Amino acid sequence: MNSEIALSLSDVSFSHEKGKALNETTLDFRQGKTTVILGPNGAGKSILLKLCHGLITPTSGNIIMHEGYSRSAMVFPKPIFLRRTVLQNMIYVLDTLDMDEPAKIAVAQQALKKFAMEKFADSPARLLSSGEKQRLSLIRALLLEPDILYLDEPTANLDPHATRLLENMVTEGHENKTTIIMATHDLMQAKRIAERIIYIENGSIMEISNTVDFFNNPKTIQAKNFVEGKLY
Amino acid sequence: MNSEIALSLSDVSFSHEKGKALNETTLDFRQGKTTVILGPNGAGKSILLKLCHGLITPTSGNIIMHEGYSRSAMVFPKPIFLRRTVLQNMIYVLDTLDMDEPAKIAVAQQALKKFAMEKFADSPARLLSSGEKQRLSLIRALLLEPDILYLDEPTANLDPHATRLLENMVTEGHENKTTIIMATHDLMQAKRIAERIIYIENGSIMEISNTVDFFNNPKTIQAKNFVEGKLY
Amino acid sequence: MAENSDYFVQSLYLIFSLNNDLMEIIGLSLYVSLTALFLATLVGLPIGALLATKKFPGSNILNIVINAFMGLPPVVAGLFVYMMLSRSGPLGILGLLYTSEAMIIAQSILIFPILAALSRQIVEDLNNEYDELFRSLKITASRRIRTLLWESRVSLLTVLLAGLGRAIAEVGAVMIVGGNIEHSTRTMTTSIQMEISKGNLELAMALGIILLFLALSINLMMHFVRNLHQKSQGTYRDE
Amino acid sequence: MAENSDYFVQSLYLIFSLNNDLMEIIGLSLYVSLTALFLATLVGLPIGALLATKKFPGSNILNIVINAFMGLPPVVAGLFVYMMLSRSGPLGILGLLYTSEAMIIAQSILIFPILAALSRQIVEDLNNEYDELFRSLKITASRRIRTLLWESRVSLLTVLLAGLGRAIAEVGAVMIVGGNIEHSTRTMTTSIQMEISKGNLELAMALGIILLFLALSINLMMHFVRNLHQKSQGTYRDE
Amino acid sequence: YNNNRPITLMATTTTEDSGLLAVLIPQLEKDTGLKIQVVTFGTGKVLRSAKDGNADIILVHDPQSEKDFLSRGYAKERLEVMRNDFVLVGPKSNPAMINPDETITSAFDKIFEENAVFVSRGDESGTHKAEQRIWNAAGLNINNFSQSNYIVTGAGMGRSLNIAVEKPAYILTDRATWLTFKNRGNLAILNQNGKLLSNVYSVLSVNSQLHPHISEEHQTRIMNWFKSEKSRSIIRDFKFFDQPLFEPIS
Ligand SMILES: Nc1ncnc2c1ncn2[C@@H]1O[C@H](COP(=O)(O)OP(=O)(O)OP(=O)(O)O)[C@@H](O)[C@H]1O
Ligand SMILES: Nc1ncnc2c1ncn2[C@@H]1O[C@H](COP(=O)(O)OP(=O)(O)OP(=O)(O)O)[C@@H](O)[C@H]1O
Ligand SMILES: [Mg+2]
Ligand SMILES: [Mg+2]
């Protein structure tokens, strides 16, 4: 059963001063599905996520957010926080929603608890450890209850336990109908959670397959080498 | 054959406004050895590395850099670059050494080549992808030819190929007599490269073992749970 | 020189027997400069922040013009206000010329470009850092500006102090639109000017030193308020 | 107002028939202000950067004092220099009073605190960001300062323009130590002052507008130089 | 002393603004062979700066202060060179109904009686002192004036005139400034009658014994020139808007 299309890219490309970072790309993302983007450093994964999330505008082509799926949030590899406490950073995000102050605090605290971060509520967010920051960034994204959640290397700095927590959350995401688009370098992780893999290299999509196919029978030589760790 | 001691910590502890991040710690690091620090997010790994590297000063206790091993460099999880090109960032580091301009450029370009970064020489460093930044950070640290190299999650954002490159470099480090102290969340990586494991939790060292022992027979229940991914 | 320092001691003595006239003058100086700072801040900071965060047709030119207006001579600002408020001017019926209101208007015009240009720079630097976050959260432009101003408030304090310094030290504009009228528009700086033209250089110097002490106390006060606030929140040490 | 604009047109005509005297005055204004800016920058920026990067006993107090000195009235700066350079003062034998050198000295003193305080703030913000890098590389204090100044040069430009604005618009100090001597120490602002006291308000206004245009051209020039430089390096777009 | 150093002649603003110095100084330079630099301030500041040794010769118009300056030994010689006069200007509507033919004291009396608005420079300048002399001669105490109608500006002549134009108000000014002043608005000369309105300008040579850099010989050359018939004729012939402005004192 195919779900509705939440986001479409048609002929999207992106260039910066130094050249082209993404070649003409046409793609659909279906509601509630988990897509993992794989590829070497500098392949264009982050650029692709940023384009979808609307952080950067394509040099050419169109990105269509389909009705009912316009709420999106993103976890960055280098999360940015305001010079405030952890709790205040959470509340800041909630200010966009229609809630009274005590409700916001309650929601924020509950969210912190879920990722074992409640004891940091009053710590300055910018002084947390790398893993704590990444957790916080995830919590912040979830507060927005996004239809589409972009995850850019979200477990790069997480310990094994927190990584599992995040992966569980992603798997549960199906029930919440959240569309998840994630870039990672952890092949095992991709295997565990992805329903679909997009393999990208040098700004071009080389392959789009379901996860089992991708790992068992990569269609391209590049993907094959990458999976076997034989890049270059 | 035990090599010389390059760095000693005696009764070192570190506190910040929110409490104690490292409890009284006594430790030695031997020249040319690779030590990996493991532990959950917020355990105090980065604090320990920063203390050793001299970025922060201990609240109590002493850190002794033994003669002949005072040159140290560090790779951060969130590398900081000057608002300059990649090449200029490299040259900036070399300015501390006694070299003429052409020599510096040559050395920097060679170093970039080693990590397949030569095509970025003229790109603004701050606009690189997350993995490219991390490579650059490593290249920069190596330019200083340090006696002790601190690596804080150095492969968190690297693709499999680059990760292997770094690990090879660490293993080769023995020949260069470089002492390596590394924090990581990748247990497989720890297994591959560590000679000694320090397991830390809540600011306290729970266990110091050689790698084989640590993974096969962890002495503490905490380390055992961590290795099995059963934290909390 | 020995004679000069004698005069100086005399003047200081004269001053420290703080008489009512002096208190009145100090009060007016503070009132005019602080009100002007307040008004200019109210307009200058948002405009600075807007220019820092938005590119729009002409924003580049506006930037350059505001930078240039930091070089607006006080007397010219004064003259402009004079021409507006004078009986033959468009706002003549208000009868504001030679009142403290006129001085406030002139000083506000004078320090507005300073506040706008310098806050633009500081907010722009911070905006570069936070840009992705704001865009990811789809924050509105006005909220972005409010957030940036709040986050950079410690740095902006220096900008406010620069504006206050300019206002409180300024004499050209207040002289023209205020007129240094005794018991009405006489400020510290116009008094200093007057004493200089009388040749009472030591008295002028002594008055200048009082003015500096005034500026110093304001700075000290702000410093302590800031520290207190940081302590009470415990969290505003930047990385 | 109709009458005023008539005068205004007249003055504009006067301006565009640029005569030698006017050119001389403009030249002197530029020479004095730019030289003062140069000198004050030479001292102010390093001191600002030092205060931004180092805590030492008294650095806090020094900060507050420099902030307060942004409120130094020009006439007081002028008086101080007068007392130093006057024939009866300690440096009287140099015979510098009523020369352009005296004006440069007075303006340098006047704008030094502005450059130091504002650059301190901007460099401090950047230093917070780079601190770990510098400490990891064991960079010397002086190299740290040089790097920070270079890295923040675009932001510091606004500070320099603020200093230049203050210098070029200033009249109190140059009047006292320069004396508005024709063909020798007459600047734009002292001319404006003179015309106002002659009741030539429109001419004063016109001169003020020329001064603003001057400031505008300097700003434009700097803007283009900066853009050119950024283009040629291609790399200075901040994140 | 340095022979090449230009002579500093410090004068009150009015003498320069009227254009007199522009004809006087080049001739002075030519006849004495000295290089002369002119600095102009208000009388108070001129006296002070001269006392500090920053002038060789001064040209001012406050006889009382000048005599004081001389008697304290700051100056060697005082020479009255010329005079013009003060005039009472006021709004053309003339609310105090001042008559051009009455004496200045009676005019001041009317201003006081009608409680008309009056602007005083209040800066202890020569003009301010002259104004005080007239109030005294009229037997009036300005402290009895209502504060809002007796406006003390503490500013120079031109700036005070600007204020008088705006109010509008009566004000005492020297004729030279009045003639050069462009922003006259609705003000006009209403009275110029009486000895009390005389405005005498003098040159003084600063005491060179107090300031070794000053050349006494140069000073003497200049003072002698001011005593010469040539200087007097220049002053007499000087016309401002086709009116003679200064009258030489022999
Ligand atoms: N504004 C820019 N200016 C110059 N180069 C840029 C710019 N933005 C991106 N790039 C380059 O485009 C390429 C793709 O970047 P992107 O961040 O998408 O890589 P990535 O696939 O996410 O890599 P990583 O795995 O290292 O995060 C990189 O080589 C990067 O250096
Ligand atoms: N200046 C500070 N103020 C408040 N808390 C701090 C400060 N510095 C560190 N901490 C806290 O100290 C603890 C240890 O931090 P550290 O960065 O060493 O963790 P870590 O072991 O490196 O974790 P990670 O795996 O997430 O990088 C964390 O909980 C962190 O929030
Ligand atoms: Mg990326
Ligand atoms: Mg860490």
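Residue numbers start from 1 in every chain, and the chains themselves are labelled A, B, ... in the order their sequence lines are given, proteins ahead of strands. Quick caveat, the model's predicted, so the values are computed rather than measured.
Residue contact with chain C, scored on non-hydrogen atoms closer than 4.5 Å, is absent for E/L47. Using a 4.5 Å cut-off between heavy atoms, E/D62 makes no contact with chain C at all.
Note that the CZ atom of E/R121 and the CE atom of C/M194 stand 12.0 Å from one another [nearest 0.5 Å]. The CD1 atom of C/I181 sits 9.5 Å away from atom OG of E/S160, with the distance rounded to the nearest 0.5 Å. Rounded to the nearest 0.5 angstrom, C/S88 OG and E/N186 CG are separated by 9.5 Å. Here the straight-line distance linking atom CD1 of C/I196 with atom OG of E/S49 works out to 11.5 Å at 0.5 Å rounding. A distance of 11.5 Å separates OH of E/Y150 from NE2 of C/H183, quoted to the nearest 0.5 Å. Expressed to the nearest 0.5 Å, how far CE of C/M175 lies from CD1 of E/I163 amounts to 8.0 Å.
Residues of residues 97-124 of chain C having a heavy atom under 4.5 Å from any heavy atom of chain E, listed by number: C/L97, C/Y98.
Summarising the geometry of C/K198 relative to E/G122, their closest heavy-atom pair is CE-O, 4.0 Å, with the distance given to 0.1 Å. Of all heavy-atom pairs between E/N162 and C/Y82, the closest is O-OH, 4.0 Å.
For CG of C/L94, the number of neighbouring non-hydrogen atoms (other residues, nucleotides, ligands) closer than 6.0 Å is greater than 12. Counting non-hydrogen atoms of neighbouring residues, nucleotides and ligands closer than 6.0 angstrom, the CZ atom of C/F80 reaches no more than 12 such neighbours. More than 12 heavy atoms of other residues, nucleotides or ligands lie within 6.0 Å of CZ in E/F181, so this atom counts as buried by the packing criterion. The environment of CD in C/E24 is crowded: more than 12 heavy-atom neighbours from other residues, nucleotides or ligands sit within 6.0 Å.
Side-chain atoms of C/N180 come within 3.5 Å of backbone N or O of E/T153 as a donor-acceptor pair.
Comparing E/H128, E/K167, E/R159, E/E166 by heavy-atom pairs within less than 4.5 Å of chain C, the highest count is held by E/E166.
Salt-bridge formation is not detected for the pair C/E195/E/R48: no Lys NZ or Arg NE/NH1/NH2 atom is positioned less than 4.0 Å from an Asp or Glu carboxylate oxygen.
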